[in-house]
Amino acid sequence: MVGQALFILTAGITLLMALGVVLARNLFHAALFLVGAFFGIAVLFILLEAEFLGAAQIIIYIGAIATLIVFAIMLSRHVMGKEAGAYNRNWYFALAGVVFFFLLLGWLLIKMPFNLVTAEVPADAIAQIGQGFVGHYVVPFEVASVLLLVALIGAIMLARER
Amino acid sequence: MTVPLSWYLIFATALFSIGFFGVLARRNAIAVLMGVELMLNAVNVNLVAFWRYLTPTDLSGQIFVVFVFAVAAAEAAVGLALMISIYRTRKSINVDELNELKL
């Protein structure tokens, strides 16, 4: 019962924050709403007993990505105030398509039967994640490292003054 | 587990739809990127929920979420660098004004 109430509260706040991200005219306000949404999702991860991911969510999304977005907004500041229309001309098509997508996918997900398992999370879950990275998933892990390096060099090359 | 799996799935679908609307309808490229981040987060919620309810003893679901984190970080870094570069030459990052590639 407590879990359900906590879920409804967190999910509701997160969805409101996400709506704020999409609807706020001021980009800086949208970025602050985005931080709120990220935090709500971190709380949901902890409710799902994935504590490591909750901490990683706060460090990576709030600590790095949200900060990067705020920096980009500051650097392109002149477009912030005089954003005449926040939406493009075809926004009602987008709204109709998104509502249709939500209803279709929600209906499919409710209809779909899943084989639920009621096992406990292993106590050494974080150790198992670490062993997965250097064991079974070592190749994707190295590819992700190379991807991050390429993104780092690419971002420097793109944003450099010429 | 008092919360049904379908609640998480519906929540993630709603979050994905909100982010999708942001991607399709916003004019500012940074706002579009924020919509993409919301969509990636919705996928992460789905991955963790499926891990917890279907295969809680196999940690592959959580490992996938970490890979999504890495890809999202790379995407944000390159995307924002592109926008700063475009802003420097065009003085605008409204996606409906960037039409050089259109015939």
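Chain letters run A, B, ... following the sequence lines, proteins first and then strands; every chain starts at 1.
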Tell me, side chain or backbone of [X] under 4.5 Å from chain A's heavy atoms, or both, or neither?
X: B:Ser60; value: both
X: B:Val71; value: both
X: B:Leu5; value: side chain
X: B:Met83; value: neither

A side-chain contact here means heavy atoms from C-beta on lying under 4.5 Å apart; do [X] and [Y] qualify?
X: A:Ile73; Y: B:Met34; result: yes
X: A:Leu23; Y: B:Arg26; result: no
X: B:Val45; Y: A:Ile41; result: yes
X: A:Phe52; Y: B:Val66; result: yes
X: B:Leu80; Y: A:Ile69; result: yes
X: B:Leu38; Y: A:Leu34; result: yes

Which atom names give the shortest non-hydrogen contact between [X] and [Y], and what distance separates them?
X: B:Ala73; Y: A:Leu148; answer: CB-CD2, 4.4 Å
X: B:Ala76; Y: A:Ile65; answer: CB-CG2, 4.0 Å
X: B:Phe21; Y: A:Trp91; answer: CE1-O, 3.7 Å
X: B:Arg88; Y: A:Arg160; answer: NH1-O, 3.4 Å
X: A:Leu68; Y: B:Ala77; answer: CD2-CA, 3.7 Å
X: A:Pro122; Y: B:Leu59; answer: CG-CD2, 4.0 Å

- Query: Taking atom CZ of B:Phe69 as the centre, does the number of heavy atoms from other residues, nucleotides or ligands within less than 6.0 Å exceed 12?
  - Reply: yes

Can you hop from [X] to [Y] via hydrophobic side chains spaced under 4.5 Å?
X: A:Val2; Y: B:Phe11; result: no
X: B:Trp7; Y: A:Leu105; result: yes
X: A:Leu104; Y: A:Met112; result: no
X: A:Ile13; Y: B:Tyr8; result: yes
X: A:Val98; Y: A:Leu95; result: yes

In terms of heavy-atom proximity below 4.5 Å to chain B, should [X] be classed as side chain, backbone, both, or neither?
X: A:Phe7; value: side chain
X: A:Ile60; value: side chain
X: A:Asn90; value: neither
X: A:Ala64; value: neither

- Of all of B:Gly35, B:Ala72, B:Ser6, which one pairs up most often with chain A through heavy atoms under 4.5 Å apart? B:Ala72

- chain A contacts, top residue of B:Ile84, B:Ile30, B:Leu33 (heavy-atom pairs, under 4.5 Å): B:Ile30

So how far is it from [X] [atom1] to [Y] [atom2], rounded to the nearest 0.5 Å?
X: A:Phe38; Y: B:Glu37; atom1: CZ; atom2: CD; result: 5.0 Å
X: B:Ile18; Y: A:Leu19; atom1: CD1; atom2: CG; result: 4.0 Å
X: B:Trp51; Y: A:Leu48; atom1: CH2; atom2: CG; result: 7.5 Å
X: A:Leu15; Y: B:Ile10; atom1: CG; atom2: CD1; result: 11.0 Å
X: A:Ile129; Y: B:Ile63; atom1: CD1; atom2: CD1; result: 6.5 Å
X: A:Tyr61; Y: B:Asn41; atom1: OH; atom2: CG; result: 4.5 Å

- Note on the structure: With chain B, the option among A:Tyr137, A:Phe141, A:Phe71 that has the most non-hydrogen atom pairs under 4.5 Å is A:Tyr137

- Pairs of heavy atoms under 4.5 Å with chain B: top-ranked of A:Ile110, A:Ile8, A:Val121, A:Val150: A:Val121

- Between A:Phe101 and B:Phe16, ring centroids under 6.0 Å: yes

- Item | A:Phe133 and B:Phe67 aromatic centres sub-6.0 Å | yes

- Task: Could you walk me through whether B:Thr55 and A:Val117 pass side chain to side chain contact (heavy atoms under 4.5 Å, CB included), step by step?
- Result: CA-CA 7 Å; B:Thr55 59; A:Val117 176; over 6 Å; no

- Check the side chains of B:Asp58 and A:Gln128 for a donor-acceptor pair under 3.5 angstrom, ignoring hydrogens and angles. no

- A:Thr118 and B:Tyr53: side chain donor to acceptor below 3.5 Å: no

- Task: Show the numbers, then the answer: is there a side chain to side chain contact (heavy atoms under 4.5 Å, CB included) between B:Leu54 and A:Phe114?
- Result: CA-CA 8 Å; B:Leu54 302 187; A:Phe114 294 111; 3.9 Å; yes

- Query: Can you tell me if B:Arg52 uses its side chain to pair, donor with acceptor, with the backbone of A:Phe45 under 3.5 Å?
  - Reply: no

- Item | Check against ring-ring contact (aromatic ring centres under 6.0 Å, His included), A:Phe102 and B:Phe20 | CA-CA 10 Å; A:Phe102 172 70; B:Phe20 198 20; over 10 Å; no

